[in-house]
A.B. asks: 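The following block contains the structure, expressed as C-alpha cells.
We number each residue from 1, following the sequence as shown.
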Amino acid sequence: MVIEIIFLGLSNFQELQIFLFVFFFVFYVGIVLGDLLIVITVASDSHLHSPMYFLLANISVIDLCLSSVTAPKMIADFFSKRIISFKGCLGQMFLLHFFGGSELVILIAMAFDRYVAICKPLHYTTTRCGSVCVGIVVAAWGTGFLHSVSQLAFVVNLPFCGPNEVDSFYCDLPRVIKLACTDTHRLYIMVIANSGVLIVCSFVLLVISYTVILVTI
C-alpha cells in the first residue's frame, strides 16, 4: 500500500535548482501580489462595484488559490525531500481540478458579460444584476466541485502497491493513475476525455463570444 508519493521534480542539478527556485519564487510572489491588489482595489473602490469587476475579483481569488495549491511546495522542494503523503496527493489533485474548473466557468461568464455589455447594452443593467453575478459565481464553484469529484472518483478506489515515483513536481492525475497496480489504459483515456471536454467546450465558447464581439464592433 502506497502511503507517500515521491516527486522527481524539474532538475537534480544544484545550480539549475537555485535558478529555478529564484525564478518561481519571484513569479509566485508576483502572482500573489497582483491578485491581492486586484481584489483589494475592487473591494475598496465603490466605482468598481459592477458585474465585470466583481467577476474579475472572483477570478483573481481563484487564480491565487490555484497557484497556491502547487507552487509553494514546488518552491520548497528545491531544497528539501520531494515527498507528499498519498492523502495530501489526493487533496492536491482535488483542489487543482476544483479551482481549475471554477476558473474556466468564470472566464466564460466574463466573456458573456462583455458580449451583453457591447452587443446588447440596453439589456445589460437588467440581466447583470447582483443576484445574477452571485449565481454565476456559485455555479462556477459548483461546476468546479463536480468536475473535481468526477476526476477523483477515478482514482480513490484504485490499488496502489508501488512504485510511488511521479515524474513531475505535483500530483498530476494521469501520472498518478499510472502508478496503480492494475490496467489503467481505459481509465486514463476517460480522465483525459473528462478534462478535455471541459477545456475544449470552454475554449469554443470563449472564441465564439469574442468573435461575435469583434464582428459587432
Side-chain angles (χ1 to χ4, degrees), residues 24 26-71 93-151 170 172-174 188-217:
F24 284 112
V26 172
F27 198 73
Y28 176 65
V29 170
I31 291 174
V32 172
L33 294 178
D35 287 331
L36 287 176
L37 179 62
I38 291 174
V39 173
I40 293 173
T41 302
V42 172
S44 60
D45 191 343
S46 59
H47 295 92
L48 300 180
H49 292 176
S50 64
M52 181 183 70
Y53 291 107
F54 176 76
L55 295 175
L56 179 62
N58 274 276
I59 202 171
S60 295
V61 171
I62 294 175
D63 184 62
L64 176 59
C65 295
L66 183 61
S67 302
S68 300
V69 172
T70 58
M93 289 187 293
F94 175 83
L95 292 175
L96 279 172
H97 288 278
F98 174 56
F99 292 123
S102 302
E103 188 169 37
L104 286 176
V105 177
I106 294 292
L107 284 172
I108 295 171
M110 292 179 69
F112 183 71
D113 177 81
R114 293 299 84 202
Y115 164 75
V116 176
I118 295 172
C119 301
K120 297 184 179 181
L122 297 178
H123 296 84
Y124 187 76
T125 55
T126 57
T127 59
R128 312 301 282 177
C129 59
S131 59
V132 172
C133 292
V134 173
I136 290 173
V137 172
V138 171
W141 289 80
T143 302
F145 178 79
L146 291 176
H147 169 66
S148 186
V149 169
S150 67
Q151 289 288 81
Y170 71 100
D172 182 31
L173 183 56
Y188 180 83
I189 294 175
M190 291 173 64
V191 167
I192 297 299
N194 188 311
S195 294
V197 168
L198 180 62
I199 293 173
V200 170
C201 290
S202 301
F203 177 76
V204 170
L205 289 173
L206 287 172
V207 170
I208 292 174
S209 297
Y210 286 110
T211 301
V212 173
I213 290 174
L214 290 174
V215 171
T216 303
I217 295 175

A.B. asks: Just wondering, do Y210 and I213 contact through their side chains at under 4.5 Å, heavy atoms?
C.D. replies: yes
A.B. asks: Looking at CD of E103 and OG of S60, how far apart are the two atoms once the value is rounded to the nearest 0.5 Å?
C.D. replies: 9.5 Å
A.B. asks: Would you call S68 and Y28 a side-chain contact if the rule is heavy atoms closer than 4.5 Å?
C.D. replies: yes
A.B. asks: Roughly how far apart are I108 CD1 and I136 CD1, rounded to 0.5 Å?
C.D. replies: 11.0 Å
A.B. asks: Quick check: do L96 and Y170 have side-chain heavy atoms less than 4.5 Å from each other?
C.D. replies: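 They are in side-chain contact.
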A.B. asks: Is any side-chain heavy atom of V105 closer than 4.5 Å to one of W141?
C.D. replies: no
A.B. asks: Applying the side chain to side chain contact (heavy atoms under 4.5 Å, CB included) criterion to L33, which one of I31, V29, D35 satisfies it?
C.D. replies: V29
A.B. asks: To the closest 0.5 Å, what do you measure between NE2 (H97) and CG (L173)?
C.D. replies: 4.5 Å
A.B. asks: Does atom OH (Y115) have a neighbourhood of more than 12 heavy atoms from anything else shown, all under 6.0 Å?
C.D. replies: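 Atom OH in Y115 is not packed in, count stays at 12 or less.
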A.B. asks: Nearest 0.5 Å, what's the CG-CG distance between L107 and L205?
C.D. replies: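 Reported to 0.5 Å precision, the distance equals 11.5 Å.
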A.B. asks: About how many Å separate CG of D63 and CG of N58, when rounded to the nearest 0.5 Å?
C.D. replies: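 The CG atom of N58 sits 12.5 Å away from the CG atom of D63.
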A.B. asks: Got a second to check how far L146's CG is from S148's OG, nearest 0.5 Å?
C.D. replies: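 OG of S148 is found 9.5 Å from CG of L146.
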A.B. asks: Please test F94 against V149 for side-chain contact (heavy atoms from CB on, under 4.5 Å), starting from the C-alpha separation and ending with a verdict.
C.D. replies: CA-CA 7 Å; F94 175 83; V149 169; 4.0 Å; yes
A.B. asks: For F24, look at atom CZ and say whether over 12 heavy atoms of other residues, nucleotides or ligands are found less than 6.0 Å away.
C.D. replies: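 Yes, because the 6.0 Å sphere around CZ of F24 holds more than 12 heavy atoms from other groups.
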